[in-house]
Amino acid sequence: MAEHHEEHQHEHMNIPKYVGIFVILVAGTILTYVTAQWDLDGTLFAGANTLLALLIAFTKMTFVMLFFMHVYWSPKLIWLSAVASFFWLAIMFAYTMQDYLTRGSGVFTT
Amino acid sequence: MQDAGLTNEEIEEKPKLNYLTNGSTLKSWLLTKDHKRIALMYLVSVSAFFFVGGLYAATIRLELLTPATDLLESGTYNKAFTQHGILMIFFFLIPSIPAILGNFLLPIMIGAKDLALPRINLLSLYFYWIGGALTIFALLQGGVDTGWTFYTPYSTTFSNTFVMAVGLGIFINGFSSILTGLNFIVTIHTMRAPGMTWFRLPLFVWANYATSLVMILGTPVVAITVLLLAIERFARVGIFDPAIGGDPILFQHLFWFYSHPAVYIMILPGMGVISELISNFSRKKIFGYEFIAFSSIAIAVFGFLVWGHHMFVSGQSIYAGLVFSFLTMVVAVPSAIKMFNWTATLYKGSIDFSTPMLYAIGFLGLFLIGGLTGLFLGSIGLTVHLTDTYFVVAHFHYVMVGGQVIAYLGGIHYWWPKMTGRMYSEFWGKISAMLVFIGFNLTFFPQFILGYQGMPRRYASYPEELQVLNIFSTAGASVLGVGLLMPVVYLAHSLIYGKKAGDNPWLLPGLEWRTASPPPTENFEKMPVVTWEAYEFGEENGLDVEEARRRDLATVR
Amino acid sequence: MSAHASDKFVYHEPGLQHQFDDMKQQEESVSIGMWMFLVQEIMFFGGLFTAYLVFRSRYPLAFAEASNHLDAFWGGLNTLVLIVSSLTMALTVYYAQRGNRNMQVIMILLTMFFGTVFLGVKVIEYTDKYNSGLVPVTGWNKKIPETAGTEHAASKDPTFALPLIETRAEAASAADDHKKHPNPKGEFQWNYGTHVVDYGLSKEKETGKPYLTASERIGYFSNGVFDPDKYRDKIRMFYYIYFVMTGLHALHMIVGLGLMSWLLWTAWRGYYSAEYYAPVEMSGLYWHFVDIVWIFLFPLLYLLGRHFLAGH
């Protein structure tokens, strides 16, 4: 009975590491706020602002999931379920949008 | 440690307690954590919903006996088919096999004492009851007339019926199915007995695993969709309202994102039952075990990529239609793999035509027709002619009734001796299986022709020249009705007068046949260790499995 | 796994349920179960994100316009508050793993505190929307009669008995009274101009290339003329999505706070030890999940089109 408790993530995280992740998350929040003020859509390409904001959000999420939610030390199944849920979200987005983006093309353009 | 000794003695005193006799108070049922008791409560409630849904079906068929709208007005007719659909789909087809047979057998089949999360299991039953009660309440108040699909903007803006209450009922019921799916996945991952590897699992377990994936990934989407519909109906504003720039087709996207995979929630467990029946009643190891197992998973995954074939003519982009049409053809492949493997299993098998096997063979034929006509509807050109005709109605009844209900009945008969410890009358069982098969075909085959001739669905009246086939259909429905009512009688009769079934009435090797009938509360007197492959008939092929079992137990010991 | 075969009346560890052989199996089951629950939560919110995606891609300018009126300060503050609460939640699990009851209780209290702060800020924001006529439901906004003396309208309204919180926005608008637009029926209003679409149209004139999407060309115009009412409807749709998404998120926060209260009680009673702390861990997963949802809601709702504001 005693042996499996050592397998836990006791040793993986300590308070400085938690605080480090926290600092990254705060930095990400500030970064996303600041970059949202720049007109990347105009200077780079349309959608650049959203893309950057989502990239930062994904990074933040990855840190929360890996370290706060201990996915990093979790069994494969947990990894799989985390990845699969985003894969299914992607299916929903992609297959819905493939309708909207191709709908009525050629009809409404001026 | 002292307690342990006491408990041991108590057990010795009454060794024959099974899950049915272990506690007889109402509380011992309503607060039970035993998956078998929960399954029985599901059985009773699901059957009740099936009965009510069947009454609506009978009303619909009676109305369609004549071309005029004489029995029901159009408005009432709309309510009748809506409620038939809602009750049958959300409260019968979806929960029936997973929540009754799956709940009862899955832990036994993998050699566990219970599902991993018994309290969650009980909670799912309560969600089912609450959702069901709300729906029944709405039906008593006057019902809904939107069709079971709740298409917007009719359901949000125009319908004056009890959409909110039914929507809420379906929302709550959705969580019942999510929790069941969640429980199954956890149980299959963590609760398998020693030696029960993934590829020794009975195919019924694989099918339920695939079903659970769909339940977890799909059901929340319909929950949020119904919630959005309810908010929109309540707030009189929203994203499905074309008047302010919203899009009713988005509702269809979100709805079918769940509701198409939901047909796999309905049929996959049925396929699992059929795999069990075909292999066991042919007394032959199933042909292509891995292919059947993985085709279940493939159906669950591909099932999420085809929902747009419900929307070919509802205004979605033509390119999207092409993609969805192609993928619809793809999803037929894993189903076909199953069909071929079942047929190959039958080949040179020692086939036993008991009642469950009659249902299984019926399934093969009916599901074949249902599946193939699905391809007609999935091809983007032909579907323009066939959409919203009786061809569609016939198609999905062939899959849902000819597939799922037949498999469910087969499963109920097959495991009835295990669940109750009693054997039903084989004679009446066979008669009813035949009646269901004949009645079903007589009801729905004419509808293919009707649909092809252009009879639209969801209308209370039709041109007079279509009456002959409609009379056939209604006549078939009454035969089907009798066939479906008969099991209620002889199964209930068997509870008291049926002859005692032994632990293994069919002489089969599966784990569920290696415990008492009915099983004790913790399923096995002694937790099993699995040393055999699934469907291993071996040299004792169909003969003395009892002896083999005793030998197995001896070696384990 | 050999525990099966032996006597089933072995000594039960605290918290071990009858259907499991040992704690390892139970912890594994509970953790997989919780993750499956989170998967379904992701799909649950996924439906809303799909709706957002569809309409944002249809009416990007109206969405940017609407979003510019959300207060990114409050939104950003709330993001930080949630991140802090996530840290304290992670530390709760950390201390639970070490069986440190006192620090566990303190961390749960901190988590609850920040969770409450989050909801408080949400109340401030919702009140601002109520006062500004930005709730998309007719009759759910502050009713402002045609004449002056608007200050008493809300207190007279029997349907809204709670005292209103004076927000920055309200204080500012009270300072110059002419900004208060009459709204006798409490309808959705848009009194903040059409800057973003103006920008888009001027860009079109400048470059000669289409800047508006095809849906926008249909959605904002009547007979080729810009129609403010139709534009307002698209903005209203943004606020509808905003309220549903943040409302559902807030509901999850409230459930989370309930979970925390239960956790506080059980932790206080010394229910958890280094051997048994699965409930703390599972509640932590839920809390972090709710945090993650907000991590996405913040840029998608508050920050989209922020650069239109800065650019002018």
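Residue numbers start from 1 in every chain, and the chains themselves are labelled A, B, ... in the order their sequence lines are given, proteins ahead of strands. Worth saying up front: this structure is predicted, and the values here are computed from it rather than measured.
- Note that CE of A:M13 is 10.0 Å distant from CD of C:Q97, once rounded to the nearest 0.5 Å.
- A 4.5 Å side-chain heavy-atom check between A:Q37 and C:H307 finds every atom pair outside the cut-off.
- Within the 4.5 angstrom heavy-atom criterion, only side-chain atoms of A:F86, from C-beta onward, approach chain C.
- For the pair A:L89 and C:F49, the minimum side-chain heavy-atom distance is 4.5 Å or more.
- A:L54 has its side chain within reach of C:F296: a pair of non-hydrogen atoms, C-beta onward, lies under 4.5 Å apart.
- For C:M89, no part sits under 4.5 Å from any heavy atom of chain A, backbone or side chain.
- Taking NE2 of C:H288 as the start and NE2 of A:H70 as the end, the distance is 6.5 Å to the nearest 0.5 Å.
- Other residues, nucleotides and ligands place more than 12 heavy atoms under 6.0 Å from the CZ atom of C:F221.
- Looking only at heavy-atom pairs under 4.5 Å with chain A, the residue among C:I32, C:L304, C:I83, C:I42 that has the most is C:I83.
- For the side chain to side chain contact (heavy atoms under 4.5 Å, CB included) criterion with A:F68, the lone passing option out of C:L87, C:I292, C:L91, C:V93 is C:L87.
- Rounding to the nearest 0.5 angstrom, the gap separating the CG atom in C:L303 from the CG atom in A:N49 is 9.5 Å.
- Within 6.0 Å of NZ in C:K230 there are more than 12 heavy atoms belonging to other residues, nucleotides or ligands.
- Here C:T50 is the residue among C:L38, C:V39, C:T50 with the most heavy-atom pairs under 4.5 Å with chain A.
- In this view, A:Y100 and B:D247 satisfy the side chain to side chain donor-acceptor pair (under 3.5 Å) rule, not counting sequence neighbours.
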| request: Before giving the answer on side-chain contact (heavy atoms from CB on, under 4.5 Å), spell out for C:R56 and A:T50 the whole-Å C-alpha distance, their side-chain angles and the decisive distance to 0.1 Å. | output: CA-CA 11 Å; C:R56 165 107 190 256; A:T50 313; 2.8 Å; yes
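- Contact annotation for C:Y95: only side-chain heavy atoms (C-beta onward) come within less than 4.5 Å of a heavy atom of chain A.
- In this structure, CE in C:M36 is found 6.5 Å from CD1 in A:I78, a value given to the nearest 0.5 Å.
- Looking at heavy atoms from C-beta onward, C:T79 lies in side-chain contact with A:K60 at the 4.5 angstrom threshold.
- Smallest separation of non-hydrogen atoms from C:Y94 and A:N14: CE1-CA, 3.8 Å.
- With values rounded to the nearest 0.5 angstrom, C:L53 atom CG is found 10.0 Å from A:M92 atom CE.
- In this structure, C:F298 and A:T29 have side chains that are in contact, with non-hydrogen atoms separated by less than 4.5 Å.
- For the ring-ring contact (aromatic ring centres under 6.0 Å, His included) test, no residue two or more places apart in sequence or in another chain qualifies with C:F55.
- Contact record, C:F289 with A:M69: N-CE, 4.2 Å, taken as the closest heavy-atom pair.
- For the atom pair C:M103 CE and A:I15 CD1, the distance stands at 6.5 Å (nearest 0.5 Å).
- Proximity to chain A (any heavy atom under 4.5 Å) is restricted, for C:S57, to the side chain, taken from C-beta onward.
- In this structure, chain C has heavy atoms under 4.5 Å from both the backbone and the side chain of A:L25.
- Between chain C and the residues A:S85, A:G47, A:G28, the most heavy-atom pairs under 4.5 angstrom are made by A:S85.
- Nearest heavy-atom pair, A:T32 versus C:P299, reported as atom, atom and distance to 0.1 Å: OG1-CB, 4.3 Å.
- For C:Y302 and A:Y33, the distance between ring centers is not under 6.0 angstrom.
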